[in-house]
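First the structure, in the form of structure tokens, and then the observations on it.
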Amino acid sequence: MNKIHQAFENGKAFIPFITCGDPDLETTAAAVRAAVANGADLIELGIPFSDPTAEGPVIQGANIRALRGGIKTKHIFEFVRELRRDVTVPLVFMTYANVVFSYGAEKFISTCAEVGIDGLILPDIPFEEKEEFLPICRQYDVALISLIAPTSANRIGMIAKEAEGFIYLVSSLGVTGERSEIKTDLRSIVELIRANTDVPCAIGFGISTPEQAKQMASISDGAIVGSAIVRLLEKHGKDAPQYIGEYVKSMKDAIRGE
Amino acid sequence: MTNPNGRFGVHGGQYIPETLMNAVIELEEAYNHYKNDPDFNRELTDLLNDYAGRPSRLYYAEKMTKDLGGAKIYLKREDLNHTGAHKINNVLGQALLAKKMGKTRLIAETGAGQHGVATATAAALMGMECVVFMGEEDTKRQALNVYRMRLLGAEVIPVTSGTATLKDAVSEAMREWTNRISDTHYCLGSVMGPHPFPTIVRDFQAVISKEIKEQMLEKEGRLPDAVLACVGGGSNAIGSFYHFIGDKDVRLIGCETAGRGIDTFETAATISTGKLGIFHGMKSYFCQDEDGQIAPVYSISAGLDYPGVGPEHAHLHDIGRAEYVAITDDEAVNAFEYLSKTEGIIPAIESSHALAHAIKIAPTMDKNQVIVITVSGRGDKDCAAIARYRGEDIHE
């Protein structure tokens with residue numbers, strides 16, 4: 001049984017994103033453990049890609065730093081296997097279709113299941129192309145996470161009806177990165193999603209402050225934060241895990257009661 | 001050739017963020033409406049003829065033919081189009097379509113700068129805003145084209161991410177499109193990216209092979225034995241091939257860039273060295289490592305310096321309908337100089353890849369055989385770079 005639902009059983013979920021291997025896997029492991037110890041409900045682990053077209057400059061930078069360190073997909077699987085000796089929260093991979101495709105979809109997804117990955121977020125696989133990986137994901141009980149965007153409009157019901165794990169609601173137009181203001185009418189999108197599915201819905205893109213997280217969690221089932229955490233890694237390098245722990249605590253505290 | 005879901009065999013598709021899905025669906029619906037609209041087609045034909053200077057000439061290269069001593073050689077002179085390359089064919093079509101869709105702003109990627117110049121030109125003509133993304137490396141290699149775009153009123157944004165070349169310019173244009181969709185059309189410059197772009201761009205470029213066929217029948221009373229064109233993303237090649245795909249006796253030969261050689265890492269020969277992958281919205285062949293990381297490709301030609309190839313070319317390769325060969329920097333530069341001296345035509349370094357292959361095969365063919373080479377663009381923009389390649393530092 002896929003355990004992503006467990007992330008949404010401790011009040012509103014806080015979901016941090018961390019790029020594997022930025023700047024090295026030891027730091028990633030320490031960052032994940034610090035996040036979990038401070039209340040993270042699910043961890044989104046990025047597998048770096050050379051040309052991350054859905055990312056803003058901050059996460060692009062993390063991808064470059066990780067790849068410069070010589071990281072390979074097989075190292076990341078071994079890293080997750082090691083992490084799973086004590087980390088029990090749900091874990092999902094965030095990467096791009098070519099990383100999965102080139103590894104061999106069946107080999108990649110079966111290894112995900114074997115090492116303890118619960119879901120897969122692929123921003124370049126929209127609803128129309130999900131057959132590329134969905135049958136294999138179903139076979140191995142790895143949830144293929146659906147994304148819904150501010151522009152989805154008439155597509156929301158169709159996507160929500162077939163969603164698995166959780167729905168990743170993209171807060172704003174554009175790429176990942178912190179934003180001072182989120183203007184999209186997310187409340188009405190969430191209502192449409194809830195009318196079509198019981199799968200929980202978390203909001204990501206542009207969230208960096210506890211106030212924003214609180215606001216997003218109040219209208220959905222959780223908040224996803226990437227760039228703000230990656231920025232701590234960019235600034236503090238190997239010393240980042242301590243700061244990530246403090247940051248996650250402030251974010252989880254802000255949304256807990258929503 | 002296109003399946004309803006935008007597939008060419010296994011290639012093609014729509015591998016893009018959800019944020020862009022309604023934009024490409026809207027584009028496909030608009031295109032399907034206007035492609036059969038007589039007013040749209042009349043307006044486009046007028047622009048192509050009166051503004052861009054079509055039909056382009058099919059020129060019998062007599063000196064080259066005699067010098068090589070084999071097949072009779074014709075040059076399809078896309079270099080004579082307004083703005084100096086085939087790119088204008090597609091851009092006028094897309095800009096007109098975007099205008100009909102109510103868009104007021106065009107964004108584009110560019111490698112050599114020819115597509116950027118063409119987009120800036122169409123935007124100026126149609127009173128639209130224009131932003132062009134160009135790899136910083138390419139802004140240096142093609143400084144003249146950067147100035148041309150600015151002169152035409154476009155904003156040129158140098159892209160510093162990744163290898164700072166064409167692939168990064170495409171990535172940045174895609175990022176910008178997700179940021180601003182309602183008033184903006186992404187005027188993609190080649191037969192690549194998500195469906196419906198490979199089909200739309202092909203249809204707008206197919207005028208090249210339509211004309212070649214008519215002109216060849218008029219001049220020779222027969223079809224050519226081979227059609228050659230250079231392939232980066234592959235828009236001038238698919239345009240040159242399209243109306244011959246059903247004529248099985250016409251060899252279709254796409255010339256990729258081998259850079260410093262297909263056995264080196266400094267190459268962009270996608271079909272010769274790449275493998276099947278998913279990138280920039282499409283499934284096709286890409287230069288990549290064993291983990292699917294896209295390779296930092298290289299070519300002397302900024303316009304061919306791209307790690308992928310359009311999905312229809314990948315399919316034509318799979319089914320054996322077209323042949324793809326790789327041409328090195330050195331061979332292309334030799335052909336650049338050869339055509340300049342032999343025919344008094346300075347070809348783009350991109351087109352020189354097709355000319356280089358013609359120089360190889362024409363002497364092996366019979367005198368009663370005929371080949372057509374598409375000169376996709378003119379080479380003024382390349383003179384400084386070729387001079388540098390030959391060790392001469394000139395200043396524009």
Side-chain angles (χ1 to χ4, degrees), chain A residues 47-57 60-61 63-64 67 71-76 95-105 108 122-133 146-156 158-159 167-170 172-177 205, chain B residues 4-7 10 12-26 159-163 167-182 184 193-195 274-284 286-297 307-308:
Chain A
I47 302 182
F49 182 51
S50 53
D51 300 81
T53 49
E55 313 297 348
Q60 284 180 46
N63 282 275
I64 292 166
L67 289 172
I71 196 161
K72 296 282 179 192
T73 305
K74 63 184 178 193
H75 301 150
I76 295 173
T95 190
Y96 287 78
N98 205 42
V99 170
V100 180
F101 186 81
S102 73
Y103 199 83
F108 185 97
L122 301 171
D124 52 352
I125 295 288
F127 183 86
E128 279 75 0
E129 299 295 352
K130 67 180 182 171
E131 284 306 305
E132 186 81 46
F133 301 125
S146 296
L147 290 97
I148 287 176
T151 51
S152 293
N154 55 340
R155 300 167 52 80
I156 295 171
M158 166 182 91
I159 297 169
I167 286 171
Y168 191 132
L169 173 53
V170 175
S172 314
L173 292 178
V175 292
T176 56
F205 275 45
Chain B
N5 59 350
R7 293 281 170 174
V10 300
Q14 294 179 305
Y15 299 89
I16 49 171
E18 169 61 21
T19 305
L20 290 176
M21 277 308 300
N22 266 327
V24 296
I25 291 168
E26 180 198 10
V159 176
T160 54
S161 59
T163 50
K167 89 170 158 71
D168 309 289
V170 174
S171 295
E172 214 50 43
M174 289 177 86
R175 289 182 182 118
E176 172 58 20
W177 204 25
T178 63
N179 193 42
R180 193 166 158 185
I181 300 167
S182 60
T184 299
H195 175 66
K275 62 173 186 172
L276 192 61
I278 298 169
F279 183 49
H280 278 165
M282 58 183 172
K283 186 180 274 183
S284 187
F286 295 97
C287 300
Q288 54 184 309
D289 73 8
E290 75 281 3
D291 262 10
Q293 308 294 347
I294 303 303
V297 292

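Treat the numbers as computed from the prediction; the structure is a model and nothing was measured. Residue numbers start from 1 in every chain, and the chains themselves are labelled A, B, ... in the order their sequence lines are given, proteins ahead of strands.
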Interface moiety of B:Gln288 toward chain A, non-hydrogen atoms closer than 4.5 Å = side chain
Test side-chain contact (heavy atoms from CB on, under 4.5 Å) on A:Asn98 and A:Asp124 and set out the steps.
-> CA-CA 9 Å; A:Asn98 205 42; A:Asp124 52 352; 6.0 Å; no
Side chain to side chain contact (heavy atoms under 4.5 Å, CB included) with A:Ile125: which of A:Phe133, A:Tyr96, A:Phe101?
-> A:Phe133
Given side chain to side chain donor-acceptor pair (under 3.5 Å), test A:Asn154 with B:Asn22 step by step and report yes or no.
-> CA-CA 9 Å; A:Asn154 55 340; B:Asn22 266 327; 3.3 Å; yes
Please assess B:His195 against A:Glu128 for the test side-chain contact (heavy atoms from CB on, under 4.5 Å), listing each intermediate value before the final yes or no.
-> CA-CA 11 Å; B:His195 175 66; A:Glu128 279 75 0; over 6 Å; no
So, the part of B:Tyr15 with a heavy atom under 4.5 Å from chain A: the answer is both
Can you tell which of B:His280, B:Lys167, B:Gln293 makes a side chain to side chain donor-acceptor pair (under 3.5 Å) with A:Asp51?
-> B:Lys167
Would you mind telling me which of A:Gly61, A:Pro150, A:Ala54, A:Ser152 has the largest number of heavy-atom pairs within less than 4.5 Å of chain B?
-> A:Ser152
Please state whether the side chain, the backbone, both or neither of A:Ile148 comes within less than 4.5 Å of a heavy atom of chain B.
-> backbone
Residue among A:Asn63, A:Leu147, A:Val170, A:Ile47 with most heavy-atom pairs under 4.5 Å to chain B | A:Leu147
Below 4.5 Å from any heavy atom of chain B, which atoms of A:Glu55 appear? Answer side chain, backbone, both or neither.
-> backbone
Which one of A:Pro126, A:Ala149, A:Pro57 has the most heavy-atom pairs closer than 4.5 Å to chain B?
-> A:Pro126
Min side-chain heavy-atom separation B:Pro194-A:Glu129 under 4.5 Å | no
Hey, are A:Arg155 and B:Glu18 close enough for a salt bridge, meaning a charged N less than 4.0 Å from a carboxylate O?
-> yes
Pairs of heavy atoms under 4.5 Å with chain A: top-ranked of B:Val170, B:Asp291, B:Asn179, B:Leu276 | B:Asp291
Would you mind checking which part of B:Ile25 comes under 4.5 Å of any heavy atom in chain A, side chain (CB onward), backbone (N, CA, C, O), both or neither?
-> side chain
Select one option (side chain, backbone, both, neither) describing which atoms of A:Pro52 are under 4.5 Å from chain B's heavy atoms.
-> both
